[in-house]
2 protein chains.
Amino acid sequence: MDLKKKVSLAVIRRLPRYFRYLSDLLRLGITRISSKELSARMGITASQIRQDLNCFGGFGQQGYGYNVESLYNEIGNILGFNNKYQTIIIGAGHMGQALANYGNFEKRGFSLIGIFDVDQNLVGKKIKDIEIMHLDSLEVFVMNNNVHIAILTVPYEHTPTVADKLAQLGVRALWNFSPMDLKLTYDVIIENVHLSDSLMVLGYKLAEDMKSRANIK
Amino acid sequence: MDLKKKVSLAVIRRLPRYFRYLSDLLRLGITRISSKELSARMGITASQIRQDLNCFGGFGQQGYGYNVESLYNEIGNILGFNNKYQTIIIGAGHMGQALANYGNFEKRGFSLIGIFDVDQNLVGKKIKDIEIMHLDSLEVFVMNNNVHIAILTVPYEHTPTVADKLAQLGVRALWNFSPMDLKLTYDVIIENVHLSDSLMVLGYKLAEDMKSRANIK
DNA sequence: TAGATTGTTAATCGATTAACAATC
DNA sequence: TAGATTGTTAATCGATTAACAATC
């Protein structure tokens, strides 16, 4: 049925970035933009911008460029901002609470409907009008609610167990903050964050930079 | 002086992952591993593993494979875990506090020496023995301390100003959590996290998955 | 109409994978 | 020595960039 070939993940990962730039342009009151201008702003080639966008359709017009607002809406659609995803957070530690408090997810279609933890001191506490529940009530909760996404911010050692349970209960996607690669027997969508990996890469870049500075001297 | 050509960022970004797997093997008491076995565990090709490692040196031995502990140490060295990086956090909101409380960074050489915010209700509060300071004291603090890295968890609109100031004061690297691409006139190392981009990609994957399921039915 | 800029094909570049001689 | 597995070169694959005809 779907004849067009799958868009590569490299392209998909650039979409949120396009969206942000278009959102900025919109705020600046700029109504049209050419791939060349956008290229200069974003620091990528105009060619890549046109290739990327044409994976999804011809949103531009020869001799004119792209209409900022309509392109903004198109990319929003592609990213699925019209969908509504029911989301829960597992692990109400510092990171879990930080994510719960981040308000911007809501307006992209991710609505938080539950937070779980095993710590009795946290259970009952409210974050953004959502009461933290005990992990024991997860099963019943998921069965009674259509949970699309679970955000995993649990300690390292509990990650595989919790992830497997969620998959088993039919949760479709996991946003994983544990520094661990999930290997599930169930078919679930996973997006890893691995913050510590990112910091280590920064450390590497910094070490390289310091080395090259030392060489110049 | 440095004749070997620069290792690509794609390779660097895999190093923390190798390190994690080796750390697991070490914990399991496994002393040697071949690229083939590691390949099976990590889900990447043995060829890629050997190529990656050989960017930095010949750590293996024909007919034997790699010694887990020595490879673990080598990668730790490459990632610069022996270096000590003095780190500060700008923005003591939920995310800033979550990062401050994350203990594992310390053992990778990132030591937290200061936290700053503009909110008077937060100033003076202690996180992990570090007192939150007012942003006004940033300048003096950076001049008196050798700050290598600043972690940026400030609101969107303040990001460019703060980033620029840090760069100007000589901070070498920024770990940026703002959903904004920093463009600095100063020469500073930047590693972006862009959590919301990651969530949007998850949303896209999920939407695709739901579409293909609907088609099968 | 002339100028601008897209959509798209072709060329290039870089990253991944395969193959195999070297060697433990 | 025979078997295993690396380090490294060559082949393949995919992603990025360049070029240009189509067209607004």
Side-chain angles (χ1 to χ4, degrees), chain A residues 3-18 21-22 25 30-75 78 181 197 201 204, chain B residues 3-18 21-22 25 30-75 78 181 197 201 204:
Chain A
L3 290 175
K4 60 184 190 297
K5 74 163 176 297
K6 209 161 157 287
V7 179
S8 85
L9 197 56
V11 175
I12 304 303
R13 293 207 179 279
R14 281 192 290 268
L15 292 181
R17 200 154 165 262
Y18 289 127
Y21 276 84
L22 288 164
L25 291 171
I30 295 169
T31 56
R32 60 177 270 201
I33 189 129
S34 68
S35 59
K36 197 181 160 198
E37 285 173 275
L38 192 55
S39 153
R41 282 174 183 269
M42 297 184 66
I44 56 178
T45 64
S47 209
Q48 180 162 72
I49 292 171
R50 295 202 301 278
Q51 286 276 23
D52 283 355
L53 298 177
N54 275 88
C55 293
F56 304 97
F59 302 135
Q61 196 170 56
Q62 280 98 331
Y64 173 88
Y66 299 86
N67 177 281
V68 174
E69 193 177 356
S70 77
L71 188 56
Y72 173 86
N73 290 327
E74 291 286 1
I75 295 181
I78 295 164
D181 300 318
D197 286 19
V201 171
Y204 176 88
Chain B
L3 289 174
K4 60 184 188 295
K5 74 163 173 295
K6 210 161 157 286
V7 179
S8 85
L9 198 56
V11 175
I12 305 303
R13 293 206 178 280
R14 282 192 290 269
L15 292 181
R17 198 153 167 263
Y18 289 126
Y21 275 84
L22 289 165
L25 292 171
I30 295 169
T31 55
R32 59 177 269 198
I33 189 129
S34 69
S35 59
K36 198 182 160 197
E37 287 174 89
L38 192 55
S39 154
R41 283 173 183 270
M42 296 185 66
I44 56 177
T45 64
S47 208
Q48 181 162 71
I49 293 171
R50 294 202 299 278
Q51 286 276 23
D52 283 356
L53 297 178
N54 275 91
C55 293
F56 304 97
F59 301 135
Q61 195 169 56
Q62 280 99 330
Y64 172 89
Y66 300 85
N67 177 281
V68 173
E69 192 178 356
S70 79
L71 188 56
Y72 173 86
N73 290 327
E74 291 286 1
I75 295 181
I78 295 164
D181 301 318
D197 285 18
V201 171
Y204 176 89

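Chain A is the first sequence line, chain B the second, and so forth, proteins listed ahead of strands; every chain is numbered from 1.
Here dA18(D) is the nucleotide among dA18(D), dT6(D), dT6(C) with the atom lying nearest to any side-chain atom of S47(A). Of the candidates dG7(D), dG7(C), dT5(C), the closest approach to any side-chain atom of R50(A) belongs to dG7(C). The Q62(B) side chain lies nearest to dT23(C) when the options are dT17(C), dT23(C), dG7(C).
Put simply, CD on Q48(B) is 13 Å from C1' on dC13(D), counting in whole angstrom units. For the pair F59(B) CZ and dT5(D) C1', the computed distance is 17 Å after rounding to whole Å. A straight line from CD1 of I49(A) to C1' of dT6(C) spans 13 Å, rounded to a whole angstrom. Put simply, CZ on F56(B) is 17 Å from C1' on dT8(D), counting in whole angstrom units. Look at CZ on R32(B): it is 11 Å from C1' on dC24(C), rounded to the nearest Å. Going from atom NZ of K6(A) over to atom C1' of dG14(D) covers 14 Å, rounded to whole Å. Separating the CG atom of N54(A) from the P atom of dT5(C) is a distance of 16 Å, rounded to the nearest angstrom. In this entry the distance linking CG of D52(B) with P of dG7(D) reads 12 Å, nearest Å.
At a cut-off of 3.5 angstrom, counting only N and O atoms as typed in the model, there is a donor on one side and an acceptor on the other between the side-chain of Q51(A) and the base of dT9(C).
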What pairs of donor and acceptor atoms, side-chain ones from residues 64-73 of chain A against any protein atom, are under 3.5 angstrom apart with sequence neighbours left out?
residue	atom	partner	partner atom	Å
N67(A)	OD1	E69(A)	N	3.1
N67(A)	OD1	S70(A)	N	2.9
S70(A)	OG	N67(A)	O	3.4
N73(A)	ND2	E69(A)	O	3.2

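Residues passing the side-chain contact (heavy atoms from CB on, under 4.5 Å) test with T31(B), sequence neighbours excluded: none.
Annotation for S39(B) and I44(B): closest pair OG-O, 2.8 Å, computed over non-hydrogen atoms. The shortest heavy-atom contact between F56(A) and L15(A) is CZ-CD1, 3.8 Å.
Helical stems in DNA chain D, defined as runs of 3 or more consecutive Watson-Crick or G-U wobble pairs with both donor-acceptor distances under 3.5 Å, are listed by first residue as C:3-24 with D:3-24.
No salt bridge links D197(B) with R17(A); every basic N to acidic carboxylate O contact stays at or beyond 4.0 Å.
Of the inter-residue distances, the one linking S34(A) atom OG with L38(A) atom CG reads 8.0 Å to the nearest 0.5 angstrom. In this structure, the separation between CD on E74(A) and CG on L53(A) is 10.0 Å, given to the nearest 0.5 Å. Rounding to the nearest 0.5 angstrom, the gap separating the CZ atom in R41(A) from the NZ atom in K36(A) is 14.0 Å. Separating the OH atom in Y21(A) from the CE atom in M42(A) is a distance of 6.0 Å, to the nearest 0.5 Å.
Take the nearest nucleotide of DNA chain D for T45(A) and for A46(B): the residue whose nucleotide is more 5' is A46(B).
Applying a 4.0 Å cut-off to non-hydrogen atoms, the residues of residues 63-70 of chain A that approach DNA chain C are G63(A), Y64(A), G65(A), Y66(A), listed by residue number. For DNA chain C, no neighbouring residue in residues 7-14 of chain A is found when judged by any heavy atom under 4.0 Å.
Residue pairs meeting the side chain to side chain donor-acceptor pair (under 3.5 Å) criterion with at least one member in residues 46-56 of chain B, sequence neighbours excluded: R14(B)-D52(B), Y18(B)-D52(B), S35(B)-R50(B).
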